[in-house]
Protein chains: 2
Amino acid sequence: MTHELSIGDVAERTALSVHTLRYYERVGLLDGVDRASSGHRRYTEDDVGWIGLLTCLRSSGMPIRAMRDFAALRRGGSATAAERRALLEDHRQEVLARQEELARYLAVLDSKIAYYRGEEAAPPDGARTAVGAGSAARSRGERR
Amino acid sequence: MTHELSIGDVAERTALSVHTLRYYERVGLLDGVDRASSGHRRYTEDDVGWIGLLTCLRSSGMPIRAMRDFAALRRGGSATAAERRALLEDHRQEVLARQEELARYLAVLDSKIAYYRGEEAAPPDGARTAVGAGSAARSRGERR
DNA sequence: TCTTGACCTTGAGCGCGCTCGAAGCGCTAG
DNA sequence: CTAGCGCTTCGAGCGCGCTCAAGGTCAAGA
């Protein structure tokens, strides 16, 4: 009764486009998706679950490259469980760091907004108000 | 005594590259940067403050396009204060929403990690664990 | 005097993550 | 029978935010 899912079905359920699903497969995030005799992809419930996890990683800011590594480990089976866990824990730290960073920016925004409300004194358009600047330096791209 | 700053000085102080500073000017985020007789840019402390605010907006996920709008309003002087405030408040909401979203993904990650610790039962690699899926649908690009 | 280096402009290039166009096949409803 | 739709592949294209290369000017130090 597991009426194997078409790419369109999966697109609907995961809120990804069929384009993106095919793209994810191309770049190595999804492997071994079954095919019907017609050549059409047939996804299992497990595939959908895995795609859900991928979406969680992606939407929380993990780059495709790292997701690919994670997918590769998964291919390696239970022997790679510790590595996968480590990867997830690293990512968890990134997410926490990002949250904290956002909190700091929020504080800046709040003070700016307060200034515009005329409830607080602040310099004309944003001197002094900036976050550390020398603090968190380089990189990363987030998404959603 | 306000020894006007060169682009290199500002790059150092803002942790942006000189390329980025020139790019920001090109796309309309910074206007009317003074020039020395040599044609070299000379930034004021106020410029540095404004760039700090821009960096805050950018790093908290505001796209360049919206920043451009904000810069345009600023050009409009005090008459646009209310609009600028509204823009900042909208952005504040975005940041809050993003934080909450990250919190949800964090919960997923935590349960996955717990599973890998063998402390919790979870399906083989991520069925069922996904966030709402039909919830927050489209868009946005974040950064840092 | 010569060299170095920070600056200038213009325009091209890049990495990322999709997104789409073209051409074609196959199932199903009318 | 045929129209239409959803699927297939392959490769190109796009939006974003930088980033860099080329070629030139200028000013200070060895």
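Residue numbers start from 1 in every chain, and the chains themselves are labelled A, B, ... in the order their sequence lines are given, proteins ahead of strands.
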Restricting to nitrogen or oxygen on both sides, can you table the protein-nucleotides 9-12 of chain D pairs closer than 3.5 Å?
from: dT9(D); atom 1: OP1; to: Arg35(A); atom 2: NH1; distance (Å): 3.2
from: dT9(D); atom 1: OP1; to: Arg35(A); atom 2: NH2; distance (Å): 3.1
from: dT9(D); atom 1: OP2; to: Arg41(A); atom 2: NH1; distance (Å): 3.1
from: dT9(D); atom 1: OP2; to: Arg41(A); atom 2: NH2; distance (Å): 2.8

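If you check dC7(D), dG17(C), dT19(C) against the side chain of His40(A), the one that comes closest is dC7(D). When the nucleotides dG17(D), dG17(C), dC20(D) are ranked by their closest atom to the side chain of His19(B), dC20(D) comes out on top. Checking dC27(C), dC7(C), dC7(D) against every side-chain atom of Ser6(B), the shortest atom distance belongs to dC7(C).
A search for side-chain contact (heavy atoms from CB on, under 4.5 Å) contacts involving Ala81(B) returns Tyr116(A), Arg84(B), not counting sequence neighbours. Residues satisfying the side-chain contact (heavy atoms from CB on, under 4.5 Å) test with Glu89(B), not counting sequence neighbours, are Ile113(A), Arg117(A), Arg85(B). Glu12(A) pairs by the side-chain contact (heavy atoms from CB on, under 4.5 Å) definition with nothing, not counting sequence neighbours. Under the rule for a salt bridge (Lys or Arg N to Asp or Glu O under 4.0 Å), Arg26(B) has no partner lying at least two apart in sequence or in another chain. In terms of the side-chain contact (heavy atoms from CB on, under 4.5 Å) criterion, residue partners of Ala66(A) (sequence neighbours excluded) are, by chain and number, Met62(A), Pro63(A).
Rounded to a whole Å, the OH atom of Tyr24(A) is 9 Å from the P atom of dT19(C). Here dC20(D) presents its P atom at 14 Å from CD1 of Ile7(B), a figure rounded to the nearest Å. Rounded to whole Å, atom P of dC27(C) lies 10 Å from atom CZ of Arg42(A). dT8(D) atom C1' lies 16 Å from atom CG of Asp34(A), rounded to whole Å. The distance from atom CD of Glu12(A) to atom C1' of dC7(D) is 16 Å, rounded to the nearest whole Å. When the P atom of dC18(D) is taken as reference, atom CG of Leu54(B) falls 11 Å away, rounded to whole Å. Atom CG of Asp9(B) is separated from atom C1' of dA6(C) by 10 Å (rounded to the nearest Å). We find that CZ of Arg58(B) is positioned 7 Å from C1' of dG17(D), with the value rounded to whole Å.
Between Trp50(B) and Tyr43(B), the distance from one ring center to the other does not fall under 6.0 angstrom.
Each of Ser38(B) and Ser17(A) has a nearest nucleotide on DNA chain C; the 5'-most of these lies closest to Ser38(B).
One finds no side-chain N or O of Thr20(B) lying less than 4.0 angstrom from the OP1 or OP2 phosphate oxygen of dG17(D).
A salt bridge between Glu25(A) and Arg68(A) is absent, with no side-chain N of the basic residue lying under 4.0 Å from a carboxylate O of the acidic one.
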